[in-house]
Amino acid sequence: MKIVTLERILKLGLTNFWRNRWLSLAATFVMTITLLTISIFTILNLVIQATSESVKSKIDMTVSFYDNVEEEKIQSLETALATMAVVKSTHYIDKDEALSIWQTLPIKDRTKQLVTKDSNPLPRSLQIKAYNPEDLSKVAEFFDNYKPLISRISYENNKDIIQRLINITKFIKQIGWIISLIFITISVLIILNTIRLTIFTRKDEIEIMKLVGASDFFVRIPFIIEGALYGILASILSTFLLYLAIHFISPMVSSYLGTVAFDLNLFFGLNFWRIFLLQLGAGSFIGIACSLFSAHRYLKV
Amino acid sequence: MKFFFDKKNENGEPNKEQEGPLIEFNEVSKKYGQIIALYKVNLKIKRGEFVCLVGPSGAGKSTVLRLLIREEKPTKGHIAIAGRDINRLRHKELPFLRRKIGMVFQDYKLLPNKNVCENVAYALEVCDATKGEIAHKVPKIIELVGLAERTNSYPKELSGGEEQRVSIARALVHAPRLLIADEPTGNLDHDNAREIVQLLLKINQAGTTVILATHNRDIVNNLRKRVVTMREGKIISDQMQGKYII
């Protein structure tokens, strides 16, 4: 393509954008909302995911052994566990460690003092984490064969709670994506309609251009440029708004939830360019695709 | 497609198509739903001719012109321009045909978001004209149609007559081989109309084939050119130095 054509087309696109500035502005705002919706829901899903992962990673099971079980036996069990595909980590807690954990527990000092190094009734135990907490049931089955050695399996007591926790996180994750998809679809439809409207108002114009001898390409390109402009401006605006929102909301969220499972501010800072470029890409793509789609039907003249 | 109308073909030899008529309508019919706009029209127009197409409104004049730039396709029959059947042009080839034709539309068809200068320049821009060409030709033609002072006005700021002259300027600016004018004097007063007709004559003398569709009896009678008269979708008379007969 000749440079003169490219320059001409660029100019046409920019001029069109400016001359239809109210419609362009409306389209840019709707696009901003679309991008914000996409970003907010994506980030929300990331937060949900991170939170549920952190909840999940805290789920473990503790198997306590009778004091008469030999140390070697426990260690051989630990090695056997380590070979299981579902097991993420095992940790052996001996009497000394059990005592130090005991001492950090939030209980009365008098109770604490009942256990000392010399008279330590606390059992030795294996703390087991699975990649997927649901698989802890398999680990529990593994210990079925060693029942005589075991004084207590925490899993048996917590089974229902763990299962419920797992179900809830799963549900929240799925619902999160479904709601996001619904909102993203709605906002994409709205932007499609807005761009269709801006192009519909110029349907006669397209027809005239064609009758005067413009090729489809020549007619279409200014619309593509306008579509891309909506995307570019909207992504700048939306990134800025997102920054503001996160900057002000993040401390509130942290103080409300107490734990910092997911530092939004940090996340935004680290991924600033990725977030911006993704929005830019998504915005330009949506803008251009909607413009092409909307202009297509009027080009048949 | 680029050698539409051209005197020489790709090999540099004289184009054989050059010898036949420029425009040939062969048994052309056009229906809009149940309404018959054209019925078995046969018409030949030679290169360099000046043809007046006359007849009452609804006679089919505008349909003939619309078919020529392939704004519409005939229901039946064939239309050839420079020996090529334009019904069989592919969608991609249409712009090349239209760039060789200048059309003055009855409803002007100006781009509302462009000023006078840009509207005229658009016809050059679509054919990849250089900036220099545009800067040179556009002001000249705008002056020729008497709109030098309105260069930066937008169509909605112009009167009907002025819009019509912009439409004429746009049709002329790329020096088309065929000029089609649909009621170009419809909104002009007597003097302006005569000026426009003089302009068309001048262009015709320079070698451009001109088809002028009009109601204006005086213009047709003073021109003493070929007159094709239409009525109810048919050609009812075709005289070489004709008069307005209806």
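Residue numbering restarts at 1 for every chain, and letters A, B, ... go by the order of the sequence lines.
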>> More than 12 heavy atoms of other residues, nucleotides or ligands under 6.0 Å from CZ of A:Phe272: yes or no?
In response: yes
> What pair of heavy atoms forms the shortest contact from A:Ala214 to B:Val126, and how long is it?
Replying inline: CB-CG1, 3.4 Å
> Taking all atoms of both residues into account, what is the closest heavy-atom pair of B:Pro95 and A:Gly213, and its distance?
Replying inline: CB-O, 3.4 Å
>> Could you check whether atom OH of B:Tyr154 has more than 12 heavy atoms from other residues, nucleotides or ligands sitting under 6.0 Å from it?
In response: yes
> In terms of heavy-atom contacts, does CD of B:Glu143 have more than 12 from other residues, nucleotides or ligands at under 6.0 Å?
Replying inline: no
> Quick check: are there more than 12 heavy atoms from other residues, nucleotides or ligands sitting under 6.0 Å from CZ of A:Phe293?
Replying inline: no
> Considering only heavy atoms, which portion of A:Lys210 lies under 4.5 Å from any heavy atom of chain B: side chain, backbone, both, or neither?
Replying inline: both
> Measuring from A:Lys300:NZ to B:Leu94:CG, what's the distance to the nearest 0.5 Å?
Replying inline: 14.5 Å
> At what distance, to the nearest 0.5 angstrom, does OG1 of A:Thr201 lie from CG of B:Asn113?
Replying inline: 8.0 Å
>> Within this structure, what is the CG-NZ distance for the pair A:Asp204 and B:Lys109, rounded to the nearest 0.5 Å?
In response: 7.5 Å
> Is the shortest side-chain N to carboxylate O distance from A:Arg19 to B:Glu118 below 4.0 Å?
Replying inline: yes
> Which residue out of A:Leu211, A:Leu299, A:Asn20, A:Thr15 racks up the most heavy-atom pairs below 4.5 Å with chain B?
Replying inline: A:Leu211
>> So for atom CG, which belongs to A:Leu244, do other residues, nucleotides or ligands contribute more than 12 heavy atoms lying within a distance under 6.0 Å?
In response: yes
> Roughly how far apart are A:Glu207 CD and B:Glu71 CD, rounded to 0.5 Å?
Replying inline: 5.5 Å
> Between B:Lys114 and A:Glu205, is the closest basic N to carboxylate O distance under 4.0 Å?
Replying inline: no
>> As an exercise, state the distance from CG of B:Asn119 to CD1 of A:Ile208, rounded to the nearest 0.5 Å.
In response: 8.0 Å
> Can you tell me how far the OG atom of A:Ser215 sits from the NE2 atom of B:His91, to the nearest 0.5 Å?
Replying inline: 9.0 Å
> Which one of B:Arg170, B:Arg70, B:Met103, B:Glu72 has the most heavy-atom pairs closer than 4.5 Å to chain A?
Replying inline: B:Arg170
> Taking atom CZ of A:Phe268 as the centre, does the number of heavy atoms from other residues, nucleotides or ligands within less than 6.0 Å exceed 12?
Replying inline: yes
> Can you tell me if CZ on A:Phe183 sees more than 12 non-hydrogen neighbours from other groups inside 6.0 Å?
Replying inline: no
